Q: 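Have a look at this one.
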Amino acid sequence: MKKNLALLFLLLLPGCKTGKKNPDVSDIPVVVHIERFDQALFAMDTTRVEAGLHELGRQYPYFVNDFMVNILGTSVLSDTSAQAFFACRRFISSYMPVKDSLDLKFGPGDGGMRSIEAGLKKGFQFIRYYFPQYNLPPKVVAYIGPFDAPGVALTRYTLAIGLQLYAGKQFPFYLSSQGQELFPVYISRRFEPEYVVPNCLKALAEDLYPDQSQGKPLIDEMIEKGKNWWLIDQFLPETADSIKTGFTEKQLSWCLLNEGRIWSYFLDQNLFSLEPDLIKNYIGDAPYTQGMPDASPGNIGQWVGLRIVEKYASLHPDITPAQLMKTPDRTIFEESKYKPK
């Protein structure tokens, strides 16, 4: 039985990050321009959907079929049918109020999209610096899809941003009963514009190094996922940890203040367990971690994994991101000698 830590957790001095100076990437040539597929779609004349879709295909040949098939769930443009035209017309009509609300944050002339372009440019420059052979997405596209469509999607030709999941945490649909069934508050509170860039960089990091943790013991999965967050730190060194991890600032402070107690708790568990239910308790979104106080965040296992990776990296100051990401999880665990106080 898991120990209840409500009475055991004590306040400790918070840890702080140390490390080498971030490289200057300002001279690395990168251009980021977000193509506004969303604006073109909703400007379509819904009385002439067939002609409008073919014009959309002419403007966005690299994305229109991904949108039609994978987001709207209809057919590719070359096989469009009356059913596909109807689905597109119905979507535009029903989501027009969503588009109007999103225009207040991301509309033409609004600075919100420009700040996203600037953030992506800086992140792309760091990727180019550390991984010069990696092919960055040739296009970045903004779209509006159904609420169950992804907030970020990496396609063959594009990095696609689903604006419907960045309308702001107070957006009425998110707070509705239907919205809460899809996205409880602990998830929808992150549907803010400042999460767009980190979420995009997470998608690229996962493309560089796909998650290999499934089926591995708990400690290996913690470190494997911690490596992903560590890589995001290299790409977005100036972004707040609370935004990159998705923890609230209060949750993040709680973790830092109680890091030694958190690790002691994990040592009382079976770090080498393959039991899916046990692993699920520590990895993945949740309002808090069962067996720990309500102040704890969900996904605390990934955070501990990040701290182990950071400790290992601090002992190997000359290691490159490519070298660290290829280092076996168990090697990182054993050589880090992670033992927070």
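Because the structure is a prediction, the values reported are computed rather than measured.
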Q: Checking the side chain of T46 only, and the main-chain atoms of R89 only, is there a donor and an acceptor separated by less than 3.5 Å?
A: no
Q: Examine M325 and Y134 and state if one hydrophobic cluster contains both, with Ile, Leu, Val, Met, Phe, Trp and Tyr joined whenever side-chain heavy atoms are less than 4.5 Å apart.
A: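 Same cluster: M325 reaches Y134 through Ile, Leu, Val, Met, Phe, Trp or Tyr contacts under 4.5 Å.
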Q: Which side-chain hydrogen bond (donor to acceptor under 3.5 Å, both in side chains) pairs, counting each pair once, include a residue from residues 179-195, with sequence neighbours left out?
A: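 Matches after skipping sequence neighbours: R190-D285.
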Q: Any chance CD of E238 has more than 12 other-residue heavy atoms, nucleotides or ligands included, within less than 6.0 Å?
A: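 Not more than 12 within 6.0 Å, no.
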Q: Check this for me, if you would: do K244 and D241 make a salt bridge, where the nitrogen-to-carboxylate-oxygen distance has to be below 4.0 angstrom?
A: yes
Q: What distance separates I262 CD1 from L267 CG, expressed to the nearest 0.5 Å?
A: 12.0 Å
Q: With P297, which of Q302, M292, Q251 fulfils side-chain contact (heavy atoms from CB on, under 4.5 Å)?
A: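 Running side-chain contact (heavy atoms from CB on, under 4.5 Å) over Q302, M292, Q251 with P297 returns exactly one hit, Q251.
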Q: If I compare all heavy atoms of N299 with all of G284, which pair ends up nearest, and what's the gap?
A: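 Looking at all heavy atoms of both residues, the closest pair is OD1-N, 2.8 Å.
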Q: Should we count CD of E249 as having more than 12 external heavy atoms under 6.0 Å?
A: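 Counting other residues, nucleotides and ligands, CD of E249 stays at 12 neighbours or fewer.
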Q: Please answer: with hydrophobic residues joined when any side-chain heavy atoms are less than 4.5 Å apart, are F86 and V64 in the same cluster?
A: no
Q: Tell me if the centroids of the rings in Y282 and F266 come within less than 6.0 Å of each other.
A: yes
Q: So F126 and I28, do their side chains get closer than 4.5 Å, heavy atoms only?
A: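 No, side chains not in contact.
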Q: Which pair of non-hydrogen atoms, one from C88 and one from L41, has the smallest distance, and what is that distance?
A: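 For C88 versus L41, the nearest heavy atoms are SG-CD1, 4.2 Å.
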Q: Could you grab the distance from atom OG of S213 to atom CG of L218, nearest 0.5 Å is fine?
A: 10.5 Å
Q: Excluding sequence neighbours, so at least two apart, what forms salt bridge (Lys or Arg N to Asp or Glu O under 4.0 Å) with K311?
A: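 Partners of K311 by the salt bridge (Lys or Arg N to Asp or Glu O under 4.0 Å) criterion come out as none, since no residue qualifies.
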Q: Hey, could you give me each pair passing ring-ring contact (aromatic ring centres under 6.0 Å, His included) that has a residue in residues 203-233? Not counting sequence neighbours.
A: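 Output for this query lists F131-Y209, W229-F247.
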Q: What distance do I232 atom CD1 and K202 atom NZ have between them, rounded to the nearest 0.5 Å?
A: 7.0 Å
Q: Please determine whether residues L163 and M96 belong to a single hydrophobic cluster, defined as Ile, Leu, Val, Met, Phe, Trp and Tyr linked transitively by side-chain heavy-atom distances below 4.5 Å.
A: yes
Q: Between Y130 and T320, is the side-chain contact (heavy atoms from CB on, under 4.5 Å) condition met? List the steps.
A: CA-CA 8 Å; Y130 289 120; T320 67; 6.0 Å; no
Q: For L274 versus G215, what's the shortest heavy-atom pair and its separation?
A: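 Residues L274 and G215, closest heavy atoms: CD2-O, 3.3 Å.
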Q: Using atom types as modelled and distance alone, determine if a side-chain donor or acceptor of R330 lies under 3.5 Å from a backbone N or O of D220.
A: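 Looks like no, no N/O pair under 3.5 Å.
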Q: Name all residues meeting the salt bridge (Lys or Arg N to Asp or Glu O under 4.0 Å) criterion together with D329; count only those two or more places apart in sequence or in a different chain, and write none if there are none.
A: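 Per chain and number, D329 pairs via salt bridge (Lys or Arg N to Asp or Glu O under 4.0 Å) with K216, K227.
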Q: When rounded to the nearest 0.5 angstrom, what is the spacing between CG in N65 and CD1 in I71?
A: 11.5 Å
Q: Honestly curious: do L252 and Y288 fall in one hydrophobic cluster under the side-chain, below-4.5 Å linking rule?
A: no
Q: Quick one: does S253's side chain have a donor or acceptor within less than 3.5 Å of a partner on K250's backbone?
A: no
Q: Below 30° counts as parallel, above 60° as perpendicular, anything between as tilted: where do the rings of Y143 and F67 land?
A: perpendicular
Q: Quick one: do F272 and I332 end up in the same hydrophobic cluster if we chain Ile, Leu, Val, Met, Phe, Trp and Tyr together by side-chain heavy atoms under 4.5 Å apart?
A: yes
Q: Hey, does the side chain of Y174 reach the backbone of A167 with a donor-acceptor pair shorter than 3.5 angstrom?
A: yes
Q: According to side-chain hydrogen bond (donor to acceptor under 3.5 Å, both in side chains), does anything in residues 155-171 pair up with another residue at least two apart or in another chain? List the pairs.
A: T155-T158, Y166-N199
Q: So how far is it from I223 CD1 to N228 CG, rounded to the nearest 0.5 Å?
A: 14.0 Å
Q: Quick one: list whatever passes side-chain contact (heavy atoms from CB on, under 4.5 Å) with A51, sequence neighbours left out.
A: R48
Q: Please determine whether side-chain hydrogen bond (donor to acceptor under 3.5 Å, both in side chains) holds for the pair Q234 and Y129, giving the CA-CA distance in whole Å, both sets of side-chain angles, and the decisive distance to 0.1 Å.
A: CA-CA 10 Å; Q234 313 316 302; Y129 177 85; over 6 Å; no
Q: What pair of heavy atoms forms the shortest contact from P137 to L154, and how long is it?
A: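 That closest heavy-atom pairing would be CG-CD1, 3.9 Å.
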Q: Minimum heavy-atom separation for Q125 to S26, with atom names?
A: NE2-O, 3.6 Å
Q: Taking CG in N135 as the centre, count heavy atoms belonging to other residues, nucleotides or ligands within less than 6.0 Å. Is the count above 12?
A: no
Q: Do F171 and F191 have their ring centres less than 6.0 Å from each other?
A: no
Q: Given 3.5 Å as the limit, does a donor-acceptor pair link the side chain of D148 with the main chain of L182, or not?
A: no
Q: What's the spacing between L72 CG and D66 CG if we round to 0.5 Å?
A: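 One gets 11.5 Å once the value is rounded to the nearest 0.5 Å.
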Q: Check this for me: does any side-chain nitrogen of one of K99 and D38 sit under 4.0 Å from a carboxylate oxygen of the other?
A: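 Not counted as a salt bridge, because no side-chain N and carboxylate O are separated by less than 4.0 Å.
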Q: Which pair of non-hydrogen atoms, one from A313 and one from L324, has the smallest distance, and what is that distance?
A: CB-CD1, 3.9 Å
Q: Counting distance only, does the side-chain N/O of S93 pair as donor-acceptor with the main-chain N or O of R90 below 3.5 Å?
A: no
Q: Identify whether the distance between the nearest side-chain nitrogen and carboxylate oxygen of R114 and E117 falls below 4.0 Å.
A: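 Salt bridge flag = no for E117 with R114.
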Q: Y60 side chain to R36 main-chain N or O, any donor-acceptor pair under 3.5 Å?
A: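 Checked: pair present.
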